[in-house]
Amino acid sequence: MAELPKEYDAKGSAARWSQAWTDAGVFTADVADDRPPFSVVIPPPNVTGSLHMGHALNNTLQDVLVRYKRMDGYNTLWVPGTDHAGIATQWVVRRQLEAQGIDFRDLGREAFVEKVWTWKEEAGGTIVNQLKHLGVSCDWSRERFTLDPDLQKAVTEHFVRLYEEGLIYRGQRLINWDPLDQTALSDLEVEQDEGVKGELWSFAYPIRPEDGGGEIVVATTRPETMLGDTAVAVHPDDPRYRHLIGKTLKHPFVDREIPIIGDAILVDPEFGTGCVKVTPAHDPNDFEVGKRHKLPMINILTLDGKLNAEGGKFAGMDRFDARKAVKAAIAELGLDRGARDHVMNIPRSQRSGAIVEPMLSTQWFVRMKPLAGPARSAVEQGFTTFVPTQWENTYYAWLRDIRDWCISRQLWWGHRIPAWYAPDGTLYVARTFEEAVAKAGRDDLVQDPDVLDTWFSSALWPFSVFGWPAKTADLAKYYPTSVLVTGFDIIFFWVARMMFAGIHFTGSVPFADVYIHALVRDQHGDKMSKTKGNVVDPLTVIDQWGADAFRFTLVAFAAQGRDVLWDPARVEGYSKFTNKIWNALKFAFMNGEGYDPNGPMEDGPYELWIRARTGAAVQRVRDAIDGYRFNEAASEIYNFVWGEYCDWYLELSKTTIYDAEASEARKNAVRHALFDTMGAIVRLLHPIMPFLTEEIWSRLPGTPGGFVTTAPYPKASDYPSDATALADIARLQEAVTEVRRIRGEVQIPYSVKVELLVTDDRLYAALYRHRRALDELAGATLKQADTFPQASSLAVVQSVACAIPLPEQYLKAEIDRLGKEIAKVTDDLSQLDRKLGNKSFVERAPADVVEGFRSKRSAANARLAALQSSLDQLQAGA
RNA sequence: GGGCGGAUAGCUCAAUGGGAGAGCUACGGCUUUACACGCCGUCGGUUGCAGGUUCGAGUCCUGUUCCGCCCACCA
């Protein structure tokens, strides 16, 4: 038997096996392999990113599925890759340049993009390397980047086709403008800062003297926008103001006359003064009013958030300075009508944090309604299933109320919009410049300077990675993919968009299942964030406890529909699990000398038992993974390994190993069970703990060789059940546990052997076969007896009273124990009596349920009687 | 304003309508020859609250409180 290191070397194993797998190309999928495919595309992390807990959880769960399916005989492919992440990446490089005193704008577009590429080549591999530390089994030969030439082609195709179908249009709309990044944003990229304390400030617009004079009071949270007001609206049925509709106001600062209009949709007469200032170019509601009433739409802001020439004397001021200045100027004119506290939401850019301005702007949009419908019904009809299903409602709700998607971004890093303009402004959308020139019949065309929303390219990921629009073999084999594993935070950003893009362009849903996992939070349930300082770095955890323990922890935490509350104690605990397994292996090695997998074997009851238990565990683990109940899979393996294989089988195996009279065939059978069960364990566990299991597999005698990662996943049918052995060992376990409890409570150390006296012939005969086990596991010597000595402790096994003779010193403790036990059983019994005394229960409950309670009652009765008589006897003697 | 999720042992979490469990912690014992990163045992509960359905509710229904999240244009 080969030498086994004293401890498991997590780091060494990770390095060794990662390399070995790569060298052997075991994760490289063969498109010609005609076994059924199982394919997954990674949610591509930002190329700027570094691995955080969310990535770790996400990729561990994918790896569990992928490794499981690979072992289980599927042609398995996991496509890795990264996302170019427009805004985020542009910022990273922009800041680096700023640190060198360079303004990226001075560099010019081409040079800047060149810089970003250089940076990407140098630093973009960080997250990929970090993923490898986690042990993911991606097919790196198929790694993709969303700006790869092929994927650019796919994005262009996507855009052009949608444009040709009338599903993409260019138009002037009110969009979300980020004055810091100076780009438009989609609705999803804007977050609301909720419950901000602000003020609702009122001022008066004077009514023209020729319209009768007087004033009308309006309120606003953004005073500076009054510079863009082109109307004041009242409710058409409001008796207070009805008569003013059609009259005109004089703007106090700019040379403009403002009509009073009636609008029943905008105005709630109950709110504020019942009069609303209308700024169509800077408020979504007002924009609609502007369209309804054909009002002028006056943009008062520059792209960096200052007042433009329309701002009159406030022109050039920053928007927030202008706010104060406008208020002051109004007050000077005596038009200030006071302010009151007001709690409001402030829209901020998800990326930059800047306060977003609604701004009238010409941008590119995707018409969503026609695309959303099929995406919805595909899920409704079950072509794609969300796990847990509750997320389907979230998905439906978003698609139901969807609005058009603003896809143009005023950035330099990203997919350039395939649209060209002639000098006269005529627009040509084409796949290439040449195609545009051909369409235009001239070559003095200028390409649209904007790039596309990053998510516009991510939407194609499940098929662009396979070469779409080309009809590749990979596309035919691996698309649609089997499952998408992702977090709920990008159901709208990504999942929904992949759904409609996939359905629209390929005619089929991009994945059969969507498994939605939770967020990783800290121990207190708070979101991890750099500002809070509660971020846990996965690489630090891996470094300290090893990737196996880390992955096991993540999987054990991944209960459906629950957030993961990170608790460092759990990793420590599971690192002990790796140690436990290693030591079990060590035990097998120490006693495995002479093992011959093909030699004669004679199984004993314990071998039959562990085989049956293994089969049951295999089935439970398979069921759990099949149902995406990852935490259950982890806990089943944990309990089986620790609670059955180690706690029971290893101990029971000693009865043969240490038995000088046991035959070689018996010993060989035990060695086989030790190694074979370990072989089942490492295969069962491999998807969760890839390195430890590969390390063990490589050393395990009796395996066919090769990697565990390509070994077949255990099947329950390989481990036949055996009802006799199960019942037999259950009885033994009951006896051992009973003796141990008495030892524990009466405080008899194991150094003191006890006798277990049995009068019942059948029980004695049954336990006799296990007398060595009783000795080994409970320190009890089995003896047949006619009567029990007065000074003894009571052990009840299978409702039969047995006795453990006790030296004088333990009798007091035994009396206490019996008292407590009697109280417990009495209580127990009274509940059972109550239940079974209930006529309706006995009549209406299913027979097997009633029968179950009856047998529990008779067991409790027997136990109580035994306890009572034992106590009586002891007290009589005392 | 609408919607979703959660609330179970000190902590983190389980429990197809059939007597509420596990791990960790705590407490007691054990240097038993794989493992003290261990072994054996014990304590610990009005399942947020109030109703209802049912022979039977942590589980289903109604209401309610707290926590978290998502969506939404009230100036």
Side-chain angles (χ1 to χ4, degrees), chain A residues 4 6-7 174 187 192 200 202 218-222 225 233 266-268 270-279 283-288 342 344-345 358 388 390-391 393-394 397-398 401 488-489 491-492 518-519 521 523 525-527 556-557 559 561-567 569-570 572-591 631-632 635 638-639 643 646-647 650-651 654 658 736-737 740-751 776-779 820 828 831-832 834-835 838-846 848-850 852-853 856:
Chain A
L4 192 67
K6 196 168 180 319
E7 281 177 356
L174 204 69
D187 295 342
Q192 302 293 332
L200 187 63
S202 301
V218 296
T220 181
T221 54
R222 297 187 298 157
T225 61
L266 179 72
V267 182
D268 172 6
E270 306 291 317
F271 188 89
T273 58
C275 308
V276 186
K277 62 188 277 302
V278 180
T279 322
D283 182 280
N285 293 312
D286 295 3
F287 176 70
E288 295 302 320
H342 184 69
M344 55 190 189
N345 298 343
Q390 76 202 43
W391 290 110
N393 290 326
T394 308
W398 188 68
D401 302 324
F488 62 80
D489 49 330
I491 291 177
F492 305 148
L519 234 55
R521 300 171 180 281
Q523 281 160 286
D526 290 330
K527 212 167 165 173
F557 265 129
R562 273 215 181 243
D563 280 342
V564 172
L565 271 58
W566 184 252
D567 180 357
R570 289 282 288 264
E572 189 185 348
Y574 291 129
S575 80
K576 291 179 182 173
F577 182 48
T578 63
N579 184 60
K580 184 78 177 173
I581 296 172
W582 192 257
N583 278 301
L585 180 72
K586 218 158 73 183
F587 174 84
F589 268 69
M590 287 173 64
N591 300 293
N631 60 320
E632 200 177 304
S635 100
Y638 185 94
N639 291 334
C646 292
D647 285 350
L650 256 54
E651 297 303 325
K654 293 175 183 172
Y658 299 154
V736 169
T737 304
R740 282 173 173 172
R741 209 172 66 236
I742 290 163
R743 274 187 180 279
E745 288 184 36
V746 186
Q747 305 273 31
I748 309 169
Y750 275 76
S751 50
E776 189 74 41
L777 275 67
K820 277 197 314 197
D828 191 23
Q831 280 182 47
L832 291 164
R834 204 177 318 132
K835 189 116 190 161
N838 182 342
K839 236 179 162 176
S840 322
F841 170 71
V842 177
E843 281 165 11
R844 300 199 192 194
D848 58 323
V849 172
V850 177
F853 279 102
K856 276 170 187 164

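The sequence lines fix the lettering, A, B, ..., with proteins before strands; numbering per chain opens at 1.
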Assess the side chains of A:K277 and A:T279: does a donor N or O sit below 3.5 Å from an acceptor N or O?
yes
Scan A:F853 against the nucleic acid and name what it touches under 4.0 Å (heavy atoms): base, sugar-phosphate only, or nothing.
base
Counting any heavy atom closer than 4.0 Å, what does A:A397 reach on the DNA or RNA strands: base, sugar-phosphate only, or nothing?
nothing
Starting at CD of A:E651 and ending at C1' of B:C40, how long is that distance when rounded to a whole Å?
11 Å
If a stem is a run of at least 3 consecutive Watson-Crick or G-U pairs, both distances under 3.5 Å, which stems include RNA chain B?
B:1-7 with B:65-71, B:10-13 with B:21-24, B:26-30 with B:38-42, B:48-52 with B:60-64
Under 4.0 Å, counting only non-hydrogen atoms across every strand here, what does A:K839 touch: a base, just sugar-phosphate, or nothing?
nothing
Classify the angle between the aromatic ring planes of A:Y638 and A:Y574 as parallel (below 30°), tilted (30 to 60°) or perpendicular (above 60°).
perpendicular
Spacing between A:N838 atom CG and B:U54 atom P, to the nearest angstrom
14 Å
How does protein contact run along nucleotides 66-75 of chain B, one letter per nucleotide 5' to 3', with B for base contact, S for sugar-phosphate only, - for none, heavy atoms under 4.0 Å?
--S-SSBBBB
Protein-nucleic acid N or O pairs under 3.5 Å, nucleotides 58-62 of chain B:
none

Can you list everything that forms a side chain to side chain donor-acceptor pair (under 3.5 Å) with A:D647? Sequence neighbours excluded, please.
none
Protein-nucleotide distance (A:K586, atom NZ; B:C37, atom P), rounded to Å:
12 Å
Rounded to the nearest angstrom, tell me the gap between atom CG in A:L4 and atom P in B:C35.
12 Å
Counterpart residues, side chain to side chain donor-acceptor pair (under 3.5 Å), relative to A:N579 (two or more places apart):
A:N583
Please work out if A:L519 contacts a base, only the sugar-phosphate, or nothing of the nucleic acid, heavy-atom cut-off 4.0 Å.
nothing
Interatomic distance, A:W398 atom CH2 to A:D187 atom CG [nearest 0.5 angstrom]:
9.0 Å
State which residues pass salt bridge (charged side-chain N to carboxylate O under 4.0 Å, His left out) with A:E572; sequence neighbours excluded, sorted by chain then number.
none
A:L585 CG to B:G38 P: how many Å, rounded?
17 Å
Quick one: pull up OH in A:Y750 and CZ in A:R743 and give me the separation to the nearest 0.5 Å.
5.5 Å
Test salt bridge (charged side-chain N to carboxylate O under 4.0 Å, His left out) applied to A:D567 - qualifying residues, sequence neighbours left out
none
Pairing residues for A:F287 by the ring pair (Phe, Tyr, Trp, His ring centres under 6.0 Å) criterion, not counting sequence neighbours
none
Partners of A:E651 by side chain to side chain donor-acceptor pair (under 3.5 Å), sequence neighbours excluded?
A:K654
My understanding is that only residues two or more places apart in sequence, or in another chain, count here; which of them pass salt bridge (charged side-chain N to carboxylate O under 4.0 Å, His left out) with A:R741?
A:E738, A:E745, A:E821
How do A:A556 and A:V842 order along RNA chain B: which one's closest nucleotide is nearer the 5' end?
A:A556
Checking only heavy atoms, does the side chain of A:E632 share a donor-acceptor pair with the base of B:A15 at less than 3.5 Å?
no
Can you sort out the partners of A:E776 under side chain to side chain donor-acceptor pair (under 3.5 Å), two or more places apart, ordered by chain and number?
none
What string of B, S and - do you get for nucleotides 20-33 of chain B 5' to 3' if you count protein non-hydrogen atoms under 4.0 Å?
--------SS--B-
Counting any heavy atom closer than 4.0 Å, what does A:P846 reach on the DNA or RNA strands: base, sugar-phosphate only, or nothing?
base
